[in-house]
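Keep in mind that what you see is a predicted model, and the values were worked out from it rather than measured. Naming: A, B, ... by sequence-line order, numbering from 1 per chain.
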Number of protein chains: 2
Amino acid sequence: MQQRRADHIAVQLEELIFDGTFQDGQRLDEVRLADQFGVSRTPLREAIQRLALSGLVDLIPRRGAFVRQPGPVELIEMFEVMAELEAACGRLAARRISDAALADLRDANARCRAAVEARDSDSYYTENERFHRIIYQQSGNGFLEQETTKLHKRLKPFRRKQLGFRGRMAQSMAEHEAIVAALEQGDGARAGDTLHKHVAVQGEKFHNLMASLKSAAE
Amino acid sequence: MQQRRADHIAVQLEELIFDGTFQDGQRLDEVRLADQFGVSRTPLREAIQRLALSGLVDLIPRRGAFVRQPGPVELIEMFEVMAELEAACGRLAARRISDAALADLRDANARCRAAVEARDSDSYYTENERFHRIIYQQSGNGFLEQETTKLHKRLKPFRRKQLGFRGRMAQSMAEHEAIVAALEQGDGARAGDTLHKHVAVQGEKFHNLMASLKSAAE
DNA sequence: GTCAACCGTTTTGTATACAAGAAGCGACAT
DNA sequence: ATGTCGCTTCTTGTATACAAAACGGTTGAC
């Protein structure tokens, strides 16, 4: 799924949208971007098509591609779905998880704890990602893993922002412990519930953040 | 998201893959197909890109696009995810569903019943689809609705095949009644569970069908 | 003064031409 | 006889050229 250039360009464009370089509603000028990337319009158009399929841009026929940043409502919705998917992973993983994977989870958690104590939100983020990825894998359902990973990736920039919340890292840490405990005991329902809350709360936190930013601006 | 031709071609190619005209592993010859559709390679390639993104073909760099029919295992996995998504829709809908939508559900159910009695699996299928679509909508989560609809569409050809199972229509019908009852009472947990079973059983039935076909062939 | 229509410009969508990589085949050498 | 190297050919990936549609500005009419 990667003829080097179009693939590379798609990834770069994604980055530019994620980090906010491209504002919401901004049109992606094919010739300008093609020039900028030093390629012709053809591979660039392919990249844009891919962004459109992932929902990052709206493609309006004969008008062009317009950046489509999700608004607060859609973000909440996406986190809600994320919570459901992660919960499903957890429920399945509780039945199927291997001892080796449990050890990996505990290892990731230990590193998370170290990051919390070191107030190192970057490495916390990295280890947190590893933690969740293990659970996706251990669901034993490749398709679920794939879909969950896709949404996880899409929510990445927003999750990252809300990590700076006061006390969020410590709270998140505690939730991780509870999740591992539930998985250890093979308690799928509890693992699912805990994961659901763990993820859904991120959406709510983010919503609060957005609201506070908005009211501060007024 | 549609400059008429590429869009049209993508849909047609999808159909051809769904209905099995293109075998698993078959290479999609760009020039031959372009010729066949009466267009140049450019829009055809865009269509193929889209199929690749939806997972219908594997795109191997410098080698071409190869049809990728999901195997039995992947199908089970997809139905499992479908069950989770529908269950999530049900849980949310139980809290939010409007009286009008409840009436619509009952209406769809009545038509389903008529179709069962008339042994009309085509119209059963249509009404069944309407039934589920209403629940997706009433989840009140646009993103969830969108994702669920997408997967629903992808599983369409497989769901259809297993509908011919003896007694499946009647059983499915009874499950619909139970779902409506749970939604009426605002019992999200029960609505979710019932929906989950209702969908997951389809995957299992399909699996059985595949197995029986396979053993019959031996 | 304002609104509408027409023309020029810009930009997207499509076709075609070109380049580069991969597969198939044959010849040669071991 | 078999394996490998090189050539030919086919196919994909990219660039460019062309067509058509949409936007903007200007001009004219009411």
- prompt: Please give, in whole Å, the distance from C:dT11 P to A:Leu44 CG?
  reply: 14 Å
Could you pull out the protein-nucleic contacts involving nucleotides 19-21 of chain D (nitrogen or oxygen on both sides, under 3.5 Å)?
none

- line: The complete set of salt bridge (Lys or Arg N to Asp or Glu O under 4.0 Å) pairs with one or both residues in residues 13-26 of chain A, sequence neighbours excluded, reads A:Glu14-A:Lys153
query: Between atom CZ in B:Arg45 and atom C1' in C:dA15, what is the gap in whole Å?
result: 14 Å
- prompt: Excluding sequence neighbours, so at least two apart, what forms salt bridge (Lys or Arg N to Asp or Glu O under 4.0 Å) with B:Arg63?
  reply: none
field: Pairs flagged by salt bridge (Lys or Arg N to Asp or Glu O under 4.0 Å) wherever residues 78-88 of chain B is involved - sequence neighbours left out
entry: A:Arg91-B:Glu84
Validation: residues 32-42 of chain A side-chain donor-acceptor distances under 3.5 Å, sequence neighbours left out:
{"from": "A:Ser40", "atom 1": "OG", "to": "A:Thr42", "atom 2": "N", "distance (Å)": "3.2"}
{"from": "A:Arg41", "atom 1": "NE", "to": "A:Glu30", "atom 2": "OE1", "distance (Å)": "2.9"}
{"from": "A:Arg41", "atom 1": "NH2", "to": "A:Glu30", "atom 2": "OE1", "distance (Å)": "3.1"}

task: For A:Arg32, answer base if it contacts any base atom (sugar-phosphate contacts may also be present), sugar-phosphate if it contacts only those atoms, and nothing otherwise; contact means non-hydrogen atoms under 4.0 Å.
output: nothing
- prompt: For the residue pair B:His198 and B:His132, does the interplanar ring angle fall in the parallel (under 30°), tilted (30 to 60°) or perpendicular (over 60°) class?
  reply: parallel
- prompt: Which residues pass the side chain to side chain donor-acceptor pair (under 3.5 Å) test with A:Asp107, sequence neighbours left out?
  reply: A:Arg111, A:Arg130
- prompt: Of all residues at least two apart in sequence or in a different chain, which pass the side chain to side chain donor-acceptor pair (under 3.5 Å) check with A:Glu74?
  reply: A:Arg68
Check: protein-nucleotides 16-18 of chain D nitrogen or oxygen pairs below 3.5 Å:
{"from": "D:dT16", "atom 1": "O4", "to": "A:Thr42", "atom 2": "OG1", "distance (Å)": "3.4"}

Distance, rounded to the nearest Å, where B:Ile9 contributes CD1 and C:dA15 contributes P: 8 Å
field: Rounded distance in Å - CZ (A:Phe66) to C1' (C:dT12)
entry: 11 Å
Test salt bridge (Lys or Arg N to Asp or Glu O under 4.0 Å) applied to B:Lys150 - qualifying residues, sequence neighbours left out: B:Glu147
- prompt: For the pair made of CD in A:Gln49 and C1' in C:dT14, what is the distance, rounded to whole Å?
  reply: 13 Å
